[in-house]
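A note on names: the letters A, B, ... follow the listed sequences, proteins ahead of strands, and every chain is numbered from 1. Quick note: numbers below take in every heavy atom, side chains included, and nothing from hydrogens, waters or symmetry partners.
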There are 2 protein chains.
Amino acid sequence: MTSTDPAPSGLRPTRQRIAVAEAMASFDDFRSAQDIHELLSRRGEPVGLATVYRTLQRMVESGEVDLLRTEDGEASYRRCSDTHHHHLVCRTCGATIEVEGPGVERWTRAIAEEHGYAQVSHTLEIFGTCAACR
Amino acid sequence: MTSTDPAPSGLRPTRQRIAVAEAMASFDDFRSAQDIHELLSRRGEPVGLATVYRTLQRMVESGEVDLLRTEDGEASYRRCSDTHHHHLVCRTCGATIEVEGPGVERWTRAIAEEHGYAQVSHTLEIFGTCAACR
DNA sequence: AAGCACATGAGAATCATTGTCAACTCGGCG
DNA sequence: CGCCGAGTTGACAATGATTCTCATGTGCTT
């Protein structure tokens, strides 16, 4: 593996931002900011909790990571591809599959337009129990 | 307004539960528990905040009201029809329109099945700015 | 090397939501 | 009608995630 991760978007590549970016590259499921903060500490690359939150926020804005809210409203993060997509998440083990639904995109846009809503965005997540957890 | 509302599901019809049910019947948009608590106070039917939360939770479980998380993770409630549906919500004023998307339902089920996920459920909300708030 | 805008972190501050628990209420029963 | 127990309530404390503050540190540019 090449050094893989520079740093979030076009921001100053500080030790902390690089550490967060690397941490995000090291797992495949959704994790809370607190989990990530803890993971960094254990790795010996401590980053302040506030900084973790700030960095994650920026990465979400720049589209480098996905943000999703668990059923109880907590935010969780995961690195993602740069195309618009949704998630099929195992509600038991968290295994996540990125899926695309051009039809859905079209549909939401049409519905919104039809009712005069602008600046449309949407959230769509699919939950289920994966084969391994059955 | 006729008395319309008995009380949530099959619970003891206390003054508080009736008041909450009536309050829910009095508006059409999504409101936070705190908003509802305040609305009740202003109406002269004060109900403790904890009770508002408890009652709302029960109503969500029984399917009498919809719960949705705003983009910043706060819970908001709204009475709803009993058929499965989604929402087109104004992110400024909260005005909500219930929408159905048979195509989407089919699509999510197909995707999940294709990847071996069972007991599928999904969340889909559309956010936008309504004509009045533009 | 110097200056400075941007970053960081420790801890305080917010704020929605939940827990605690003593006081209260509803309905059934004698 | 009065009493009892389970279910309810509400004032307030407690939690917990996220954000704010602000003094201090650091990456670049000149």
Novice: Taking atom types as they are modelled, is there a donor-acceptor pair under 3.5 Å from the base of D:dG10 to the side chain of B:Arg54?
Specialist: yes
Novice: Using whole Å, what does the distance between atom C1' of nucleotide D:dT9 and atom CD of B:Gln57 come to?
Specialist: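 B:Gln57 atom CD is separated from D:dT9 atom C1' by 15 Å.
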Novice: A:Leu56 CG to D:dA17 P: how many Å, rounded?
Specialist: 15 Å
Novice: Between atom CD in B:Glu74 and atom P in C:dT17, what is the gap in whole Å?
Specialist: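 Whole-Å distance recorded here is 6 Å.
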Novice: Rounded to whole Å, please give me the gap between CG in B:Leu40 and C1' in D:dT9.
Specialist: 14 Å
Novice: Run the numbers on B:Leu11 and B:Ser62 for side-chain contact (heavy atoms from CB on, under 4.5 Å), then give the verdict.
Specialist: CA-CA 11 Å; B:Leu11 302 173; B:Ser62 74; over 6 Å; no
Novice: Checking B:Arg78 side chain against B:Asp28 main chain: does a donor-acceptor pair fall under 3.5 Å?
Specialist: yes
Novice: Is the shortest side-chain N to carboxylate O distance from A:Arg109 to A:Glu105 below 4.0 Å?
Specialist: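 No.
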Novice: Starting at the 5' end of DNA chain C and moving along, which residue's nearest nucleotide shows up first, B:Arg69 or B:Arg15?
Specialist: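 Checking each residue's closest nucleotide, the 5'-ward one belongs to B:Arg69.
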Novice: From D:dT18, C:dG9, D:dG27, pick the nucleotide closest to the side chain of A:Pro13?
Specialist: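 So the side chain of A:Pro13 is nearest to D:dG27.
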Novice: With the side chain of A:Arg58 defined as its heavy atoms from C-beta on, choose the nearest nucleotide among C:dA16, D:dT9, C:dA7.
Specialist: C:dA7
Novice: Is the phosphate of D:dG10, meaning OP1 or OP2, less than 4.0 Å from a side-chain N or O of B:Gln16?
Specialist: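 B:Gln16 to D:dG10 OP1/OP2: side-chain N or O found under 4.0 Å.
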Novice: Determine: side-chain N/O of B:Thr14 to OP1/OP2 of D:dT8, distance under 4.0 Å, yes or no.
Specialist: no
Novice: Check whether B:Arg134 reaches the backbone of A:Gly116 with its side chain - one donor and one acceptor, N or O, closer than 3.5 Å.
Specialist: yes
Novice: Can you identify which nucleotide, out of C:dC6, D:dA17, C:dT8, has its nearest atom closest to the A:Arg12 side chain?
Specialist: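 Looking only at side-chain atoms, A:Arg12 lies closest to C:dC6.
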Novice: In whole Å, what is the span from the CG atom of B:Asp35 to the P atom of C:dC15?
Specialist: 14 Å
Novice: Rounded to the nearest angstrom, tell me the gap between atom CD in A:Glu38 and atom P in D:dG16.
Specialist: 14 Å
Novice: Of the candidate nucleotides C:dC26, D:dT19, D:dA11, which contains the atom at the shortest distance from the side chain of A:Tyr53?
Specialist: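 Among the listed nucleotides, the one closest to the side chain of A:Tyr53 is D:dT19.
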Novice: Can you tell me the distance, in whole Å, between the CG atom of A:Asp72 and the P atom of D:dT15?
Specialist: 18 Å
Novice: What nucleotide among C:dT8, C:dT17, D:dT8 has an atom nearest to a side-chain atom of B:Leu11?
Specialist: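 Comparing C:dT8, C:dT17, D:dT8 against the side chain of B:Leu11, the answer is D:dT8.
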Novice: Quickly work out the B:Ile36 CD1 to C:dA16 C1' distance and round it to whole Å.
Specialist: 14 Å
Novice: Checking contacts here: which listed nucleotide (D:dG10, C:dT17, C:dA7) is nearest the side-chain heavy atoms of B:Thr51?
Specialist: D:dG10
Novice: Can you tell me how the ring of A:His122 sits relative to the ring of A:His86, calling it parallel under 30°, perpendicular over 60° and tilted otherwise?
Specialist: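 Geometry flag for A:His86 against A:His122: tilted rings.
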